[in-house]
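One structure is given here, and the rest of the page talks about it.
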Number of protein chains: 2
Amino acid sequence: MAGDDDLHATATSRLRRDQQRYTASRRALVDALAVAGRPVTMPELLRDRSDLALSSAYRNLAVLERAGVVQRIVTSDEHARFELAEDLTGHHHHLICGSCGRVDDFRVSSQLERSLEVALARIVEGTGFRADHHRLDLVGTCADCG
Amino acid sequence: MAGDDDLHATATSRLRRDQQRYTASRRALVDALAVAGRPVTMPELLRDRSDLALSSAYRNLAVLERAGVVQRIVTSDEHARFELAEDLTGHHHHLICGSCGRVDDFRVSSQLERSLEVALARIVEGTGFRADHHRLDLVGTCADCG
DNA sequence: CTCAGTGCAAAGGATTTGCATGCCG
DNA sequence: CGGCATGCAAATCCTTTGCACTGAG
């Protein structure tokens with residue numbers, strides 16, 4: 001569908017900007033991330049596509065991250081998690097299960113987001129810290145683990 | 001001073017509850033964390049106390065974490081960071097430098113905290129997710145790296 | 001005397017890197 | 001053709017674990 005076309009078109013152009021190719025493996029990884037719709041670990045990502053070597057997957061995700069297509073997040077020890085860059089999916093936050101580690105996305109009202117931004121801007125004001133973005137995670141126990 | 005006495009008294013009793021002793025090494029670690037006043041990595045923690053073996057430090061911090069005296073946080077790959085449990089230092093958030101990795105504490109108004117809690121409670125309502133606590137991080141570049 | 005705490009060395013686990021090969025452009 | 005992507009294996013890095021020893025109660 002159109003959304004996916006846009007996604008791949010964007011990925012292509014961002015990779016090209018970095019003089020990188022949008023290979024089948026990379027496209028498959030982006031597809032898998034889009035389908036997942038939440039940050040996934042490397043084992044989860046390769047569960048289906050077990051043909052791609054682990055090292056290649058890591059290398060491809062690193063390339064995609066440098067190009068701004070993929071974002072890597074670290075929520076705990078164990079495995080890092082990968083998701084599509086926020087400007088492709090929209091600003092969101094993470095619901096983290098402390099038991100199984102599962103991570104899901106959620107969004108808050110733009111009103112609360114604005115309050116947050118204002119409050120955070122005020123906090124760093126005059127400290128020399130240059131704020132880039134904020135992260136708001138909700139940690140608890142998911143339905144399956146509860 | 002009194003605050004430190006309280007801290008060590010609390011640590012002692014929490015360890016005792018777990019049938020663990022408050023050894024000199026453990027006390028030194030708690031002191032170092034209190035002095036740091038922000039989440040520190042293992043290398044930072046042992047910079048001064050280089051007499052304690054790395055494995056012992058990890059073991060002691062694990063004991064202190066189980067007892068609820070210390071909290072371990074993971075902000076990136078590389079090193080985990082350790083800080084005193086939040087009920088000893090008060091609820092706070094983290095200012096993270098994406099360049100050098102340094103982490104500092106900050107607090108927001110209790111009014112904003114309340115708005116956050118309300119909004120987050122509404123989000124998980126009826127999802128089966130049982131919320132434990134939230135995390136709000138501000139990511140950017142610190143004064144030294146800017 | 002006993003057992004928990006310690007140090008040292010080795011193991012573990014996720015991720016990265018070196019190198020030879022194959023394929024796309 | 002030339003260079004980049006890939007696979008495999010080895011290396012890295014933080015952290016954990018095994019084991020023998022020692023010191024506190």
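What you see is a predicted model; the values in this text were computed from it and never measured. Quick note on labels: first sequence line is chain A, next is B, and so on, each numbered from 1.
Remark: S56(A) is not in phosphate contact with dA5(D), judged by side-chain N or O atoms under 4.0 Å from OP1 or OP2.
The ring pair (Phe, Tyr, Trp, His ring centres under 6.0 Å) test applied to H91(A) returns H93(A), H134(A), not counting sequence neighbours.
Listed here is the closest heavy atom pair of A131(B) and V124(B): CB-CG2, 4.5 Å. For F129(B) against I96(A), the heavy-atom pair with the smallest separation is CZ-O, 3.4 Å. For the residue pair C97(B) and C142(B), the shortest heavy atom distance occurs at SG-N, 3.3 Å.
Although no hydrogens or angles enter the test, the distance criterion places no donor-acceptor pair under 3.5 Å between the side chain of Q20(B) and the main chain of V63(B).
What separates NE2 of H79(A) from C1' of dC14(D) is a distance of 15 Å, to the nearest Å. To the nearest angstrom, P of dT16(C) lies 13 Å from CG of N60(A). Distance OH (Y22(A)) to P (dC24(C)): 18 Å, rounded to an integer number of Å. Between the CG atom of D51(B) and the P atom of dG7(C) there is a distance of 7 Å, rounded to whole Å.
Against DNA chain D, the stretch residues 10-20 of chain A makes heavy-atom approaches under 4.0 Å through Q20(A). Taking a 4.0 Å limit (strictly below) on heavy-atom distances, residues 24-46 of chain A reaches DNA chain D at S25(A), R26(A).
In this structure, a donor-acceptor pair under 3.5 Å is present between the side chains of H94(A) and E83(A).
Salt bridge status for R107(A) with E113(A): absent, with no side-chain N to carboxylate O gap under 4.0 Å. Under the 4.0 Å criterion applied to side-chain N and carboxylate O atoms, D132(A) and R130(A) are not assigned as salt-bridge partners. Note on R26(B) versus D31(B): no salt bridge recorded, every NZ/NE/NH1/NH2 to OD/OE distance being 4.0 Å or above.
Legend: side-chain hydrogen bond (donor to acceptor under 3.5 Å, both in side chains) pairs involving residues 65-77 of chain A, not counting sequence neighbours, sorted by first then second residue: R72(A)-D77(B), D77(A)-R72(B).
A62(A) comes within contact range of no nucleotide atom at all, as no heavy-atom separation falls under 4.0 Å.
Counting heavy atoms from C-beta on, the side chains of L29(B) and L52(B) come closer than 4.5 Å.
Here the OG1 atom belonging to T23(A) is positioned 5.0 Å from the CG atom belonging to N60(A), to the nearest 0.5 angstrom.
Remark on the helix from dC1(C)-dG25(D) to dG25(C)-dC1(D): inter-end axis angle 20°, axes from five-pair C1' superpositions, rounded to 10°.
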Dump every N/O contact between nucleotides 16-24 of chain D and the protein below 3.5 Å, one line per pair.
residue: dG18(D); atom: O6; partner: R59(B); partner atom: NH2; Å: 3.1

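The cluster map of Ile, Leu, Val, Met, Phe, Trp and Tyr, joined by side-chain heavy atoms under 4.5 Å apart, puts F106(A) and L33(A) in different clusters.
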